[in-house]
Number of protein chains: 2
Amino acid sequence: MSAPLTLVGKGRHFASLGIREVTRQAGVVPTSFYRHFRNMDDLGLQLVDELGLVLRRMMREARENVLQADKLIDESVGIFISHAQANRSFFLFMAQGLAGESRAIQEGIRSEMRYFASELANDLRRLKLVDHLSDGDLEMICDLVVRSVAFSLTDLLGVSADDEYQVEQIRKRTTRFLQLIFVGAEHWDNRRP
Amino acid sequence: MSAPLTLVGKGRHFASLGIREVTRQAGVVPTSFYRHFRNMDDLGLQLVDELGLVLRRMMREARENVLQADKLIDESVGIFISHAQANRSFFLFMAQGLAGESRAIQEGIRSEMRYFASELANDLRRLKLVDHLSDGDLEMICDLVVRSVAFSLTDLLGVSADDEYQVEQIRKRTTRFLQLIFVGAEHWDNRRP
DNA sequence: ACTTAATGTGTACGATTGTACACATGTTGT
DNA sequence: ACAACATGTGTACAATCGTACACATTAAGT
(Lines give C-alpha, C1' and ligand atoms only; values in the text may rest on other atoms or scores of the structure.)
Protein backbone atom coordinates (compact mmCIF):
# COMPACT_ATOMS: atom_id res chain seq x y z
CA MET A 1 0.00 0.00 0.00
CA SER A 2 2.93 2.31 0.38
CA ALA A 3 3.94 1.83 -3.25
CA PRO A 4 1.22 4.04 -4.74
CA LEU A 5 1.94 6.63 -2.08
CA THR A 6 5.59 6.64 -3.07
CA LEU A 7 4.64 7.22 -6.68
CA VAL A 8 2.21 9.97 -5.73
CA GLY A 9 4.98 11.49 -3.66
CA LYS A 10 7.13 11.59 -6.76
CA GLY A 11 4.62 13.76 -8.53
CA ARG A 12 2.38 11.23 -10.20
CA HIS A 13 -1.38 11.45 -10.00
CA PHE A 14 -3.16 8.52 -8.45
CA ALA A 15 -5.67 8.38 -11.29
CA SER A 16 -2.89 7.84 -13.78
CA LEU A 17 -1.29 4.90 -11.97
CA GLY A 18 -1.65 1.42 -13.36
CA ILE A 19 -1.57 -1.94 -11.67
CA ARG A 20 1.73 -2.88 -13.24
CA GLU A 21 3.30 0.38 -12.21
CA VAL A 22 2.25 -0.04 -8.60
CA THR A 23 3.43 -3.63 -8.36
CA ARG A 24 6.72 -2.70 -9.99
CA GLN A 25 7.25 -0.06 -7.34
CA ALA A 26 6.32 -2.58 -4.68
CA GLY A 27 8.93 -5.00 -6.02
CA VAL A 28 6.33 -7.62 -6.75
CA VAL A 29 4.96 -9.33 -9.81
CA PRO A 30 1.82 -7.74 -11.37
CA THR A 31 -0.49 -10.64 -10.68
CA SER A 32 0.17 -10.38 -6.97
CA PHE A 33 -1.85 -7.22 -6.98
CA TYR A 34 -5.08 -9.19 -7.12
CA ARG A 35 -4.26 -10.99 -3.90
CA HIS A 36 -4.93 -7.76 -2.06
CA PHE A 37 -7.09 -5.50 -4.19
CA ARG A 38 -9.81 -6.00 -6.72
CA ASN A 39 -8.68 -3.00 -8.76
CA MET A 40 -7.13 0.44 -8.38
CA ASP A 41 -10.30 1.92 -6.95
CA ASP A 42 -10.27 -0.67 -4.22
CA LEU A 43 -6.68 0.23 -3.43
CA GLY A 44 -7.66 3.87 -3.26
CA LEU A 45 -10.47 3.16 -0.84
CA GLN A 46 -8.14 1.31 1.47
CA LEU A 47 -5.78 4.24 1.33
CA VAL A 48 -8.63 6.52 2.35
CA ASP A 49 -9.19 4.33 5.39
CA GLU A 50 -5.57 4.65 6.35
CA LEU A 51 -5.76 8.36 5.74
CA GLY A 52 -8.42 8.42 8.42
CA LEU A 53 -5.91 7.04 10.91
CA VAL A 54 -3.38 9.70 9.97
CA LEU A 55 -5.94 12.43 10.51
CA ARG A 56 -6.97 10.99 13.85
CA ARG A 57 -3.38 10.91 15.04
CA MET A 58 -3.07 14.53 14.04
CA MET A 59 -6.20 15.46 15.95
CA ARG A 60 -5.03 13.67 19.04
CA GLU A 61 -1.72 15.47 19.00
CA ALA A 62 -3.50 18.77 18.55
CA ARG A 63 -5.75 18.07 21.51
CA GLU A 64 -2.82 17.17 23.72
CA ASN A 65 -0.78 20.23 22.83
CA VAL A 66 -3.36 22.96 22.73
CA LEU A 67 -3.61 24.01 26.33
CA GLN A 68 -4.32 27.73 26.34
CA ALA A 69 -7.13 28.92 24.11
CA ASP A 70 -5.23 31.99 22.97
CA LYS A 71 -2.60 29.89 21.22
CA LEU A 72 -5.14 27.55 19.72
CA ILE A 73 -4.84 28.68 16.13
CA ASP A 74 -1.08 29.03 16.05
CA GLU A 75 -0.51 25.67 17.65
CA SER A 76 -3.03 23.87 15.50
CA VAL A 77 -1.70 25.28 12.26
CA GLY A 78 1.81 24.33 13.33
CA ILE A 79 0.79 20.78 14.10
CA PHE A 80 -1.09 20.55 10.86
CA ILE A 81 1.90 21.70 8.86
CA SER A 82 4.29 19.33 10.54
CA HIS A 83 1.95 16.39 10.00
CA ALA A 84 1.37 17.38 6.40
CA GLN A 85 5.11 17.32 5.85
CA ALA A 86 5.68 14.11 7.74
CA ASN A 87 2.98 12.38 5.70
CA ARG A 88 3.44 14.29 2.51
CA SER A 89 2.36 11.50 0.20
CA PHE A 90 -0.76 10.78 2.18
CA PHE A 91 -1.89 14.34 2.02
CA LEU A 92 -1.03 14.56 -1.64
CA PHE A 93 -3.26 11.59 -2.18
CA MET A 94 -5.98 13.32 -0.23
CA ALA A 95 -5.72 16.52 -2.23
CA GLN A 96 -5.83 14.56 -5.47
CA GLY A 97 -8.72 12.41 -4.39
CA LEU A 98 -10.98 15.37 -3.68
CA ALA A 99 -11.34 15.89 -7.40
CA GLY A 100 -10.33 12.40 -8.44
CA GLU A 101 -12.11 10.16 -10.85
CA SER A 102 -13.51 7.65 -8.42
CA ARG A 103 -16.69 8.90 -6.86
CA ALA A 104 -16.23 6.48 -3.97
CA ILE A 105 -12.80 7.79 -3.07
CA GLN A 106 -14.04 11.33 -3.39
CA GLU A 107 -16.88 10.61 -1.02
CA GLY A 108 -14.55 8.83 1.37
CA ILE A 109 -12.23 11.79 1.68
CA ARG A 110 -15.11 14.18 1.98
CA SER A 111 -16.48 12.07 4.76
CA GLU A 112 -13.16 12.15 6.60
CA MET A 113 -13.23 15.92 6.35
CA ARG A 114 -16.75 16.08 7.72
CA TYR A 115 -15.73 13.93 10.64
CA PHE A 116 -12.75 16.16 11.26
CA ALA A 117 -14.99 19.23 11.23
CA SER A 118 -17.44 17.72 13.68
CA GLU A 119 -14.65 16.77 16.06
CA LEU A 120 -13.37 20.30 15.85
CA ALA A 121 -16.83 21.56 16.72
CA ASN A 122 -16.89 19.30 19.78
CA ASP A 123 -13.54 20.60 20.93
CA LEU A 124 -14.57 24.22 20.57
CA ARG A 125 -17.72 23.55 22.56
CA ARG A 126 -15.72 21.81 25.23
CA LEU A 127 -13.36 24.75 25.52
CA LYS A 128 -16.38 27.04 26.00
CA LEU A 129 -15.23 29.25 23.16
CA VAL A 130 -18.41 29.32 21.15
CA ASP A 131 -21.30 29.50 23.58
CA HIS A 132 -23.18 32.05 21.55
CA LEU A 133 -23.41 29.89 18.42
CA SER A 134 -26.11 27.47 17.43
CA ASP A 135 -25.10 23.93 16.53
CA GLY A 136 -25.80 24.53 12.88
CA ASP A 137 -23.73 27.68 12.75
CA LEU A 138 -20.87 26.10 14.63
CA GLU A 139 -20.87 23.18 12.25
CA MET A 140 -20.81 25.57 9.31
CA ILE A 141 -17.92 27.50 10.77
CA CYS A 142 -15.88 24.39 11.47
CA ASP A 143 -16.56 23.21 7.97
CA LEU A 144 -15.14 26.45 6.62
CA VAL A 145 -12.11 26.10 8.86
CA VAL A 146 -11.42 22.60 7.65
CA ARG A 147 -11.86 23.62 4.02
CA SER A 148 -9.51 26.55 4.39
CA VAL A 149 -6.88 24.39 5.97
CA ALA A 150 -7.35 21.76 3.31
CA PHE A 151 -6.82 24.34 0.63
CA SER A 152 -3.69 25.57 2.33
CA LEU A 153 -2.61 21.98 2.15
CA THR A 154 -2.42 22.22 -1.61
CA ASP A 155 -0.24 25.31 -1.24
CA LEU A 156 2.00 23.50 1.16
CA LEU A 157 2.34 20.42 -0.99
CA GLY A 158 3.30 22.61 -3.91
CA VAL A 159 6.49 23.84 -2.28
CA SER A 160 9.52 21.91 -1.21
CA ALA A 161 9.36 20.92 2.45
CA ASP A 162 12.70 22.52 3.21
CA ASP A 163 11.95 25.85 1.60
CA GLU A 164 11.49 27.36 5.02
CA TYR A 165 10.58 30.79 3.78
CA GLN A 166 7.68 29.59 1.67
CA VAL A 167 6.46 27.23 4.37
CA GLU A 168 6.51 30.08 6.82
CA GLN A 169 4.50 32.23 4.43
CA ILE A 170 1.89 29.52 4.12
CA ARG A 171 1.82 29.08 7.88
CA LYS A 172 1.22 32.77 8.44
CA ARG A 173 -1.39 33.01 5.76
CA THR A 174 -3.31 30.00 7.02
CA THR A 175 -3.18 31.38 10.53
CA ARG A 176 -4.62 34.66 9.35
CA PHE A 177 -7.39 32.87 7.48
CA LEU A 178 -8.41 31.13 10.66
CA GLN A 179 -8.14 34.30 12.73
CA LEU A 180 -10.41 36.04 10.27
CA ILE A 181 -12.93 33.22 10.39
CA PHE A 182 -12.95 33.27 14.18
CA VAL A 183 -13.39 37.01 14.26
CA GLY A 184 -16.37 36.46 12.03
CA ALA A 185 -17.61 33.74 14.37
CA GLU A 186 -17.37 36.02 17.40
CA HIS A 187 -19.64 38.58 15.78
CA TRP A 188 -21.88 36.16 14.03
CA ASP A 189 -25.23 35.60 15.67
CA ASN A 190 -26.62 39.12 15.44
CA ARG A 191 -26.46 38.68 11.70
CA ARG A 192 -28.89 35.80 11.46
CA PRO A 193 -32.30 36.51 9.97
CA MET B 1 -9.73 21.06 -27.37
CA SER B 2 -13.27 20.25 -26.38
CA ALA B 3 -12.61 16.52 -26.60
CA PRO B 4 -10.65 16.26 -23.34
CA LEU B 5 -13.27 18.43 -21.67
CA THR B 6 -15.98 16.07 -22.82
CA LEU B 7 -14.10 13.15 -21.34
CA VAL B 8 -13.50 15.00 -18.10
CA GLY B 9 -17.20 15.81 -18.05
CA LYS B 10 -17.92 12.09 -18.23
CA GLY B 11 -16.02 11.51 -15.02
CA ARG B 12 -12.52 10.85 -16.27
CA HIS B 13 -9.51 12.54 -14.71
CA PHE B 14 -7.42 14.65 -17.01
CA ALA B 15 -4.21 13.05 -15.77
CA SER B 16 -5.44 9.65 -16.86
CA LEU B 17 -6.28 10.66 -20.42
CA GLY B 18 -4.09 9.49 -23.27
CA ILE B 19 -3.43 10.97 -26.66
CA ARG B 20 -5.26 8.20 -28.46
CA GLU B 21 -8.24 8.55 -26.19
CA VAL B 22 -8.49 12.26 -26.81
CA THR B 23 -8.15 11.99 -30.56
CA ARG B 24 -10.69 9.18 -30.63
CA GLN B 25 -13.15 11.43 -28.83
CA ALA B 26 -12.32 14.22 -31.26
CA GLY B 27 -13.06 11.91 -34.19
CA VAL B 28 -9.57 12.25 -35.53
CA VAL B 29 -6.62 9.99 -36.10
CA PRO B 30 -4.04 9.85 -33.25
CA THR B 31 -1.18 11.37 -35.19
CA SER B 32 -3.23 14.52 -35.82
CA PHE B 33 -2.77 15.34 -32.17
CA TYR B 34 0.79 16.45 -32.79
CA ARG B 35 -0.37 19.07 -35.28
CA HIS B 36 -1.76 21.05 -32.37
CA PHE B 37 -0.06 20.00 -29.16
CA ARG B 38 3.35 18.76 -28.22
CA ASN B 39 1.95 16.46 -25.53
CA MET B 40 -0.87 16.22 -23.01
CA ASP B 41 0.68 18.81 -20.75
CA ASP B 42 0.71 21.28 -23.57
CA LEU B 43 -2.97 20.59 -24.19
CA GLY B 44 -3.65 21.16 -20.50
CA LEU B 45 -1.87 24.49 -20.53
CA GLN B 46 -3.94 25.67 -23.47
CA LEU B 47 -7.06 24.63 -21.62
CA VAL B 48 -5.93 26.70 -18.66
CA ASP B 49 -5.70 29.71 -20.94
CA GLU B 50 -9.23 29.15 -22.13
CA LEU B 51 -10.32 28.69 -18.54
CA GLY B 52 -9.09 32.20 -17.97
CA LEU B 53 -11.55 33.46 -20.55
CA VAL B 54 -14.40 31.63 -18.87
CA LEU B 55 -13.53 33.15 -15.53
CA ARG B 56 -13.32 36.63 -17.02
CA ARG B 57 -16.73 36.27 -18.59
CA MET B 58 -18.07 35.26 -15.22
CA MET B 59 -16.49 38.27 -13.54
CA ARG B 60 -17.91 40.62 -16.11
CA GLU B 61 -21.40 39.28 -15.65
CA ALA B 62 -21.04 39.58 -11.90
CA ARG B 63 -19.94 43.19 -12.21
CA GLU B 64 -22.86 44.04 -14.45
CA ASN B 65 -25.46 42.44 -12.25
CA VAL B 66 -24.35 43.37 -8.78
CA LEU B 67 -25.85 46.78 -8.32
CA GLN B 68 -26.75 47.08 -4.66
CA ALA B 69 -24.07 46.16 -2.18
CA ASP B 70 -26.47 44.38 0.14
CA LYS B 71 -27.22 41.72 -2.49
CA LEU B 72 -23.59 41.34 -3.46
CA ILE B 73 -22.99 37.95 -1.93
CA ASP B 74 -26.27 36.36 -2.96
CA GLU B 75 -25.98 37.59 -6.52
CA SER B 76 -22.36 36.62 -6.90
CA VAL B 77 -22.86 33.13 -5.57
CA GLY B 78 -25.82 32.71 -7.89
CA ILE B 79 -23.83 33.81 -10.90
CA PHE B 80 -20.97 31.58 -9.88
CA ILE B 81 -23.22 28.56 -9.61
CA SER B 82 -24.91 29.15 -12.92
CA HIS B 83 -21.58 29.56 -14.67
CA ALA B 84 -20.17 26.50 -12.98
CA GLN B 85 -23.09 24.50 -14.29
CA ALA B 86 -22.98 26.00 -17.75
CA ASN B 87 -19.27 25.20 -18.03
CA ARG B 88 -19.26 22.09 -15.93
CA SER B 89 -16.39 20.39 -17.71
CA PHE B 90 -14.20 23.44 -17.57
CA PHE B 91 -14.62 23.77 -13.86
CA LEU B 92 -14.09 20.07 -13.37
CA PHE B 93 -10.83 20.46 -15.21
CA MET B 94 -9.94 23.34 -12.94
CA ALA B 95 -10.71 21.42 -9.78
CA GLN B 96 -8.66 18.49 -11.01
CA GLY B 97 -5.76 20.61 -12.09
CA LEU B 98 -5.29 22.18 -8.68
CA ALA B 99 -3.84 18.91 -7.46
CA GLY B 100 -2.92 17.54 -10.84
CA GLU B 101 0.33 16.01 -11.87
CA SER B 102 1.62 18.79 -14.06
CA ARG B 103 3.26 21.49 -12.02
CA ALA B 104 2.78 23.95 -14.88
CA ILE B 105 -0.97 23.40 -15.08
CA GLN B 106 -1.21 23.64 -11.32
CA GLU B 107 0.60 26.93 -11.33
CA GLY B 108 -1.52 28.19 -14.20
CA ILE B 109 -4.77 27.56 -12.39
CA ARG B 110 -3.40 28.99 -9.19
CA SER B 111 -2.42 32.09 -11.08
CA GLU B 112 -5.93 32.45 -12.51
CA MET B 113 -7.27 32.26 -8.99
CA ARG B 114 -4.88 34.93 -7.78
CA TYR B 115 -5.94 37.19 -10.61
CA PHE B 116 -9.56 36.57 -9.74
CA ALA B 117 -8.88 37.45 -6.11
CA SER B 118 -7.11 40.66 -7.01
CA GLU B 119 -9.96 41.74 -9.29
CA LEU B 120 -12.37 41.06 -6.46
CA ALA B 121 -10.27 43.24 -4.20
CA ASN B 122 -10.43 46.05 -6.75
CA ASP B 123 -14.18 45.78 -6.96
CA LEU B 124 -14.63 45.86 -3.23
CA ARG B 125 -12.45 48.94 -3.00
CA ARG B 126 -14.42 50.59 -5.77
CA LEU B 127 -17.67 49.92 -3.97
CA LYS B 128 -16.21 51.57 -0.85
CA LEU B 129 -17.05 48.53 1.23
CA VAL B 130 -13.65 47.97 2.77
CA ASP B 131 -12.20 51.33 3.59
CA HIS B 132 -10.89 50.23 6.95
CA LEU B 133 -8.69 47.46 5.56
CA SER B 134 -5.09 47.62 4.48
CA ASP B 135 -4.20 46.37 1.02
CA GLY B 136 -2.53 43.30 2.42
CA ASP B 137 -5.48 42.37 4.58
CA LEU B 138 -7.92 42.96 1.77
CA GLU B 139 -5.90 40.77 -0.50
CA MET B 140 -5.83 38.05 2.14
CA ILE B 141 -9.57 38.24 2.61
CA CYS B 142 -10.29 38.06 -1.10
CA ASP B 143 -7.98 35.11 -1.35
CA LEU B 144 -9.97 33.34 1.33
CA VAL B 145 -13.20 34.18 -0.46
CA VAL B 146 -11.94 32.76 -3.73
CA ARG B 147 -10.67 29.63 -2.04
CA SER B 148 -13.94 29.04 -0.27
CA VAL B 149 -15.87 29.43 -3.46
CA ALA B 150 -13.44 27.16 -5.27
CA PHE B 151 -13.94 24.51 -2.65
CA SER B 152 -17.70 24.84 -2.95
CA LEU B 153 -17.11 24.21 -6.60
CA THR B 154 -15.99 20.69 -5.83
CA ASP B 155 -19.18 20.18 -3.86
CA LEU B 156 -21.22 21.48 -6.73
CA LEU B 157 -19.51 19.35 -9.32
CA GLY B 158 -20.13 16.30 -7.20
CA VAL B 159 -23.89 16.53 -7.48
CA SER B 160 -26.07 16.30 -10.54
CA ALA B 161 -26.87 19.72 -11.99
CA ASP B 162 -30.59 19.08 -11.86
CA ASP B 163 -30.70 17.92 -8.27
CA GLU B 164 -32.17 21.25 -7.29
CA TYR B 165 -32.32 20.49 -3.61
CA GLN B 166 -28.64 19.70 -3.31
CA VAL B 167 -27.64 22.64 -5.46
CA GLU B 168 -29.72 24.90 -3.26
CA GLN B 169 -28.01 23.51 -0.18
CA ILE B 170 -24.62 24.27 -1.65
CA ARG B 171 -25.74 27.73 -2.65
CA LYS B 172 -26.93 28.50 0.87
CA ARG B 173 -23.84 27.09 2.47
CA THR B 174 -21.49 29.00 0.21
CA THR B 175 -23.43 32.16 0.85
CA ARG B 176 -23.11 31.69 4.59
CA PHE B 177 -19.37 31.06 4.26
CA LEU B 178 -18.98 34.37 2.50
CA GLN B 179 -21.22 36.17 4.97
CA LEU B 180 -19.11 34.83 7.80
CA ILE B 181 -15.93 35.95 6.12
CA PHE B 182 -17.29 39.42 5.55
CA VAL B 183 -18.46 39.68 9.13
CA GLY B 184 -14.90 38.83 10.06
CA ALA B 185 -13.63 41.46 7.65
CA GLU B 186 -15.86 44.14 9.15
CA HIS B 187 -14.38 43.59 12.59
CA TRP B 188 -10.89 42.86 11.48
CA ASP B 189 -8.41 45.66 11.88
CA ASN B 190 -8.63 46.04 15.68
CA ARG B 191 -7.22 42.57 15.82
CA ARG B 192 -3.94 43.34 14.08
CA PRO B 193 -0.78 43.35 16.20
C1' DA C 1 3.48 -32.59 11.98
C1' DC C 2 0.17 -31.96 8.67
C1' DT C 3 -3.53 -29.53 6.53
C1' DT C 4 -5.26 -25.23 4.92
C1' DA C 5 -5.04 -20.64 3.64
C1' DA C 6 -2.49 -16.67 2.19
C1' DT C 7 0.65 -14.75 -0.73
C1' DG C 8 4.12 -14.51 -4.44
C1' DT C 9 5.90 -16.29 -9.27
C1' DG C 10 6.07 -17.29 -14.29
C1' DT C 11 4.09 -17.44 -18.53
C1' DA C 12 0.91 -16.00 -21.83
C1' DC C 13 -2.23 -13.18 -24.78
C1' DG C 14 -4.89 -9.74 -26.85
C1' DA C 15 -5.75 -4.84 -26.37
C1' DT C 16 -3.97 -0.33 -26.09
C1' DT C 17 -0.47 2.96 -25.87
C1' DG C 18 2.89 6.82 -27.80
C1' DT C 19 5.02 8.17 -31.70
C1' DA C 20 7.66 8.01 -36.28
C1' DC C 21 7.17 8.53 -41.23
C1' DA C 22 5.34 9.22 -45.77
C1' DC C 23 1.36 10.75 -48.03
C1' DA C 24 -3.28 13.11 -48.97
C1' DT C 25 -6.35 16.92 -48.65
C1' DG C 26 -7.82 21.42 -47.89
C1' DT C 27 -6.80 26.66 -47.11
C1' DT C 28 -4.47 30.94 -47.78
C1' DG C 29 -1.79 34.56 -49.90
C1' DT C 30 -0.06 36.29 -54.03
C1' DA D 1 -3.26 29.57 -60.86
C1' DC D 2 0.13 28.20 -58.16
C1' DA D 3 3.08 27.87 -54.28
C1' DA D 4 3.28 27.53 -49.26
C1' DC D 5 1.26 25.97 -45.44
C1' DA D 6 -1.93 23.81 -42.12
C1' DT D 7 -4.23 19.93 -41.07
C1' DG D 8 -5.83 15.13 -41.42
C1' DT D 9 -4.79 10.01 -42.89
C1' DG D 10 -2.67 5.38 -43.01
C1' DT D 11 0.60 2.26 -41.75
C1' DA D 12 3.84 0.51 -38.65
C1' DC D 13 6.26 -1.00 -34.36
C1' DA D 14 8.00 -1.65 -29.95
C1' DA D 15 6.42 -0.93 -25.29
C1' DT D 16 3.07 -1.33 -21.94
C1' DC D 17 -1.20 -2.51 -20.24
C1' DG D 18 -4.83 -5.60 -17.54
C1' DT D 19 -5.75 -10.01 -16.48
C1' DA D 20 -6.20 -15.25 -16.76
C1' DC D 21 -4.16 -19.57 -15.30
C1' DA D 22 -1.22 -23.01 -13.20
C1' DC D 23 2.32 -23.48 -9.96
C1' DA D 24 5.60 -22.42 -5.88
C1' DT D 25 6.39 -20.77 -1.36
C1' DT D 26 5.35 -19.26 3.15
C1' DA D 27 2.29 -18.70 7.39
C1' DA D 28 -1.36 -20.23 10.52
C1' DG D 29 -4.35 -23.39 12.83
C1' DT D 30 -5.11 -27.96 14.37
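Just so it is clear: chains get the letters A, B, ... in the order the sequence lines come, proteins before strands, and each one is counted from 1.
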When rounded to whole Å, the CG to P distance for the pair A/Asp42 and D/dT19 reads 12 Å
Any heavy-atom pair between the side chains of B/Phe116 and B/Met58 that's under 4.5 Å?
yes
Nearest heavy-atom contact between B/Ser152 and B/Thr174 is OG-OG1, 2.8 Å
- In terms of the angle between their ring planes, are B/His187 and A/His187 parallel, tilted or perpendicular, with boundaries placed at 30° and 60°? parallel
Note: contacts of residues 24-35 of chain A with DNA chain D (heavy atom, under 4.0 Å) are A/Arg24, A/Pro30, A/Thr31, A/Tyr34, A/Arg35
In plain terms, say whether B/Glu119 and B/Arg126 are close enough for a salt bridge, that is, a side-chain N and a carboxylate O under 4.0 Å apart.
no
Per atom distances to the A/Arg20 side chain, the nearest of C/dT19, D/dC17, C/dT7 is D/dC17
Between B/Arg125 and B/Val130, is there a donor-acceptor pair closer than 3.5 Å when you use the side chain of the first and the backbone of the second? yes
Separation of C/dT7 atom C1' from A/Phe37 atom CZ, nearest Å, is 12 Å
Separation of D/dC17 atom P from A/Glu21 atom CD, nearest Å, is 6 Å
The residue, A/Met40 or B/His36, whose nearest nucleotide of DNA chain D is more 5′ is B/His36
- Tell me, do B/Asp155 and A/Arg147 make a side-chain contact under 4.5 Å, heavy atoms counted? yes
